[in-house]
Amino acid sequence: RFSDKSDFREYRISQTSQKPDLHTTETFSMVLPPPNVTGMLHLGHAYEDALQDTIIRYKRMLGKKALWIPGTDSAAIATQAKVEKDIQKEENKSRHDLGREELVKRVSIFAQKSESTILNQVRRMGSSLDWSRYAYTLDEKRKMAVSTAFAKMYEAGLIYRGNRIVNWDPKGQTTISDDEIIYEEREAKLYTFKYSADFPISISTTRPETKVGDTAVAVHPEDLRYQKYIGQEFDLIFCEIPIHIKIIADQAVEKEFGTGALGVTPAHSQIDWEIADRHNLHRPQVINEYAKMTVLGILKDKKITEARETVVAWLKEQNLLEKEENIKQNISTSERTGAIIEPLPKLQWWIDVNKKFEIPYSEIPGIKSGDQVSLKEIMRESVSSGAVKINQERFQKIYFHWIENLRDWCISRQIWFGHRIPVWYHENKCVPVLGREKEISKCQEIIIGEINAGTDLGLPEVGPRPPEFNCEFCAAKFIQDPDTLDTWFSSGLWTFSTLGWPEKTEDLKKFYPTSLICPGYEILQLWISRMILMSGFHLGQVPFKEVMIHGIVRDKNGKKFSKSLGNGIDPIEIIEKYGADALRIGLIIGTAFGNDVKFDENKIKGYKHFANKLWNVSRFVLENANLEVEPPSGIQPAYTLCRSDLHSTKHIQEFDNLTKDITSDMENYNLHLAAEKIYHYIWHTFADEILEESKEIFKKDPESAEAIERKKVLFYILENSLKILHPFMPFITEEIWCIINKNVNIKENLLIIQKWPYGKYS
RNA sequence: GCGCGGUUAGCUCAGUUGGUAGAGCAAUUCAUUUACACUGAAAAGGUCGCAGGUUCGAGUCCUGCACCGCGCACCA
């Protein structure tokens, strides 16, 4: 399991390192952003681990109760998509061929395998996590947290079920939230045309195929060109489909765009849906979940791309097409599958971010217990009050900007792997489906049908467990909602679900809010904001006091590491070549927090040389300045014996000043500066100057007073350098430390739990 | 369209409140049984993207511009 002894030692240290220090009550806590169990970690994770471990080791050496919680994330969509793809490739089967139970089983097996790969990688990095508190987003405790959280938010009226336009991923066959969309700029054609020769207004569109779903043409209320038509209605045949168009006036229309008239397609556009709301328009759906046309005639069953060509051809044939121009368009694609998002109306679960509710308890500055607040206000206030400090201002700006534009969060997903929505429906209102797992999606359709038809389904039962009673009238059972939750719902609870919530645990009391979180900027909106939301609602507290956002690691061409590009590097490969210490410090030095890292193997190699240098420096000091004395108590490290009468010389002062300087860098999380300073000092001052001049002194007379004094100086600098360097390079420093202290009870005197040096002699 | 970053040595990047421009790698010259060739010494290399401004003094602050990247919105 461990490739070498020092590896094992480090692992053992991490196991024992959380031993409570009775002399201090100050805590420092962090959660590890849980990696997705979708395979293995890449260098980005290695960088993130290195940063956090450096910080937690530093805080631990300051004497704080330092807790760093490990965990992994089931990453519902990502993981299921990966396994589905593999199954399709290897067995040519879809998830529907396997059925829900079998698929979830297969995904879980894959997740477990990934989990052990990942945990091994994390350990190889030297991450000093508290493994006794290990959590997985889909384990029993976290399941309880998720369903409790859902139920509480449902009861507060913040979670609701509604038929609205969703972002539909036709490839993944699921909804996704606004934040899981990636915009890509592409060339598109803007067509200007009339529905028919006798229709008075021309409209423009990039999606002619959706126009069979139009129910209105909207113009700006003050647009003089179209005033006279407002209110008129037309029955037309468009592309063999009868449509009914009403001409309406709406503020949302921009006079300057295209012809200034907008063909309203309520079922396939967010904005049009809202316009339809305001004008009470009919909303026919003309495209289905597979991105195919649902209408009859020449468009029947066609994929949207084909349908587009067909409609354009029809328009040309009818002489209705007036203009065709090339424009640039931002197209929405799914973050996970890359598919083009199809806006569709669907019945889904949502979190209302604007609805006010009475917050029972609040420690968030600016929000009092009992206040009427919205989730959006919680998110804004938590950061603007300074309770959550996002340390780089630029990311704080992005955060506020995002909140301004935030809409309700769609939390239900039509995938099978993940937290199933903890809602149970009365069986008889959902037609018989028990024992027919594959039919559940059909059940969902029927529910939608009933809702659309205005049937009152009654309130569902919401809670962590199915209702334990049968229907009092017909003895029917309850069946669970077939959908699962957005993975960020459970991730949003992470800072407190890992500490035992909803139970009132000692851990929560002691370690909450957590001190720091250290995520990449790509999940600022997806994760950081959701944690602030969830923590604010459920605990009335912020999830963490500080956020240090780091950049991403790119390959030498500046490209993001990704599976599809095949440029991923396994950190283990680098560790085997250069050592974990070299990888850690090599990633940290030269990169300010928040900036991207271009990965350069040569740089890592340079720090392997440094590890070698450090080794030799230590050897020189041990061989030439052997001051080892048998410790009288058997506990005190030997070197301390020679320290009491150490005079403050030039070298000591210089080193102590450096120590102070580095400590201040560490306090400000300027890890890159601190690491570079100690690196530079050890190599170019300690080795190149002090050791060189010591050689001369020892050559003259190794027992002279000057030589003895010098030996003490060397020891002092070496031991304190090891301490300062330890957070960055834990393996080699601990190894050397143990050699230096071979006469003492090392278990109680490991470097990892030594006190950080403050520069006592300065 | 709105907003946010970046632009510093050949390459990758630091530069904390304004005070003589820094590191690693690469390249050059020299040294060589040294704790360490995973070495040492020396030298070289920059109009800090461009143009203005504030200041005794600007890589750092302000304005404008260019290119690269990102976030959001729009995406009829």
Side-chain angles (χ1 to χ4, degrees), chain A residues 178-179 181-186 188 190-192 202-208 210-211 214 217-219 252-254 256-265 268-272 275 327-332 343 392-406 521-522 524-525 551-552 554 556 558 560 578-579 582 585-586 589-592 594-625 661 664-665 667-670 672-673 675-677 679-680 683-684 687-689 691-692 694-695:
Chain A
D178 295 344
D179 304 289
I181 288 176
I182 308 248
Y183 296 101
E184 277 176 33
E185 194 176 82
R186 290 192 193 169
L190 182 68
Y191 301 95
T192 303
S202 303
I203 57 163
S204 299
T205 185
T206 54
R207 300 199 58 187
T210 64
K211 297 289 107 182
D214 282 13
V217 164
V219 298
V253 181
E254 241 181 83
E256 278 70 37
F257 191 94
T259 61
L262 163 65
V264 181
T265 323
H268 300 289
S269 150
Q270 178 76 40
I271 284 209
D272 294 9
I275 293 175
I327 59 160
K328 283 221 167 100
Q329 192 189 211
N330 271 333
I331 195 150
S332 319
Q392 300 97 321
E393 207 188 334
R394 65 179 201 253
F395 295 119
Q396 194 162 312
K397 283 182 183 160
I398 292 175
Y399 177 81
F400 287 128
H401 193 66
W402 173 80
I403 287 180
E404 291 318 309
N405 295 299
L406 187 61
Y521 56 70
E522 74 278 13
L524 175 65
Q525 292 100 321
I552 59 174
R554 299 173 178 276
K556 53 176 172 258
K560 228 171 146 168
Y578 307 106
I585 198 167
I589 290 183
T591 310
N595 291 354
D596 289 351
V597 187
K598 242 179 229 178
F599 184 72
D600 180 3
E601 209 175 305
N602 270 326
K603 194 171 155 196
I604 307 300
K605 197 168 148 195
Y607 292 103
K608 187 195 175 188
H609 295 180
F610 175 60
N612 183 65
K613 188 79 184 177
L614 179 68
W615 189 260
N616 281 298
V617 164
S618 307
R619 231 176 66 191
F620 178 88
V621 174
L622 276 174
E623 282 168 8
N624 290 282
D661 196 15
S664 123
D665 285 335
E667 282 301 309
N668 296 314
Y669 299 122
N670 282 324
H672 63 295
L673 298 181
E676 193 171 343
K677 281 173 189 167
Y679 164 90
H680 205 257
W683 200 311
H684 298 294
D688 292 348
E689 289 172 20
L691 255 47
E692 288 306 319
S694 302
K695 281 180 197 167

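Here is how names work: the chains are called A, B, and so on, in the same order as the sequence lines, proteins then strands, and each is numbered from 1. Below, all heavy atoms of this structure are taken into account, side chains as well, without hydrogens, waters or symmetry copies.
Separating the P atom of U29(B) from that of U16(B) is a span of 36 Å, rounded to the nearest Å. With P as the reference atom, A73(B) and U17(B) are 33 Å apart, rounded to whole Å. Nucleotides C74(B) and G49(B), compared at atom C1', are 31 Å apart to the nearest Å. C25(B) and C61(B): their C1' atoms are spaced 34 Å apart (whole Å). Comparing the C1' positions of A41(B) and G19(B) gives a spacing of 32 Å, expressed to the nearest Å. Annotation: U60(B) and C48(B) have their C1' atoms spaced 10 Å apart (nearest Å). Comparing the same atom, P, in A27(B) and in C11(B) gives a spacing of 15 Å after rounding to whole Å. Comparing C70(B) with U55(B), their C1' atoms sit 34 Å apart, to the nearest whole Å.
Across all strands, Leu524(A) comes closer than 4.0 Å to no nucleic acid atom at all (heavy-atom distances). At the heavy-atom level, Ala611(A) lies nowhere under 4.0 Å from the strands shown. Within 4.0 Å (heavy atoms only), Val264(A) reaches no atom of the nucleic acid at all. Note on Thr259(A): nothing from the nucleic acid sits closer than 4.0 angstrom, heavy atoms only.
In this structure, Lys608(A) atom NZ and C25(B) atom C1' are separated by 16 Å, rounded to whole Å. As rounded to whole Å, 15 Å separates atom P of C74(B) from atom CD of Glu185(A). One can place OH of Tyr183(A) at 15 Å from C1' of C2(B), the figure rounded to the nearest angstrom. When rounded to the nearest whole Å, the span between CG of Leu691(A) and C1' of G40(B) equals 13 Å. Rounded to an integer number of Å, the gap from Phe599(A) CZ to C25(B) C1' is 14 Å. Between Ile182(A) atom CD1 and G69(B) atom P there is a gap of 16 Å when expressed in whole angstrom units. Atom-to-atom, CG of Asn612(A) to P of G40(B) comes out at 10 Å; the value is rounded to the nearest Å. Rounded to whole angstrom, the span from the CG atom of Asn616(A) across to the P atom of G40(B) amounts to 10 Å.
Nearest to the side chain of Lys695(A), among A35(B), A73(B), C25(B), sits A35(B).
From Ile604(A), atom CD1 reaches atom OH of Tyr578(A) across 8.5 Å, with rounding to the nearest 0.5 Å. Taken to the nearest 0.5 Å, the CG atom of Asn624(A) stands 8.0 Å off from the CG atom of Leu691(A). Within the model, atoms CD of Glu184(A) and CD of Gln329(A) stand 12.0 Å from one another, a figure rounded to the nearest 0.5 Å. To the nearest 0.5 Å, the span separating NZ on Lys613(A) from OH on Tyr679(A) amounts to 10.0 Å. Rounding to the nearest 0.5 angstrom, the gap separating the NE2 atom in His401(A) from the CD1 atom in Ile403(A) is 12.0 Å. In this structure, CZ on Arg186(A) lies 12.5 Å from OG1 on Thr206(A), to the nearest 0.5 angstrom.
Remark on RNA chain B: of its neighbouring residues His609(A) and Asp179(A), the 5'-side contact belongs to His609(A), judged by nearest-heavy-atom nucleotide.
A 4.5 Å side-chain heavy-atom check between Phe610(A) and Trp683(A) finds at least one atom pair inside the cut-off. Taking 4.5 Å as the limit, some side-chain heavy atom of Asp179(A) sits within range of a side-chain heavy atom of Trp402(A). A 4.5 Å side-chain heavy-atom check between Glu676(A) and Ile589(A) finds at least one atom pair inside the cut-off.
For the pair His684(A) and G24(B), the criterion of a side-chain N or O lying under 4.0 Å from OP1 or OP2 is met.
Heavy-atom neighbours of Lys677(A) NZ from other residues, nucleotides or ligands within 6.0 Å: above the threshold of 12. Annotation for Glu404(A): atom CD counts as buried by contact number, over 12 foreign heavy atoms lying within 6.0 Å.
None of Val219(A), Thr192(A), Leu262(A), Asp214(A) except one satisfies the side-chain contact (heavy atoms from CB on, under 4.5 Å) rule with Ile203(A); the exception is Asp214(A).
Helical stems in RNA chain B, defined as runs of 3 or more consecutive Watson-Crick or G-U wobble pairs with donor-acceptor distances under 3.5 Å: B:1-7 with B:66-72, B:10-13 with B:22-25, B:28-31 with B:39-42, B:49-53 with B:61-65.
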Readout for nucleotides 12-21 of chain B: B = base within 4.0 Å of protein heavy atom, S = sugar-phosphate only, - = neither; 5' to 3' it is SSSSB-----

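For residues 394-404 of chain A, proximity to RNA chain B is found at Arg394(A), Lys397(A), Ile398(A), His401(A), defined as any non-hydrogen atom under 4.0 angstrom from a strand atom.
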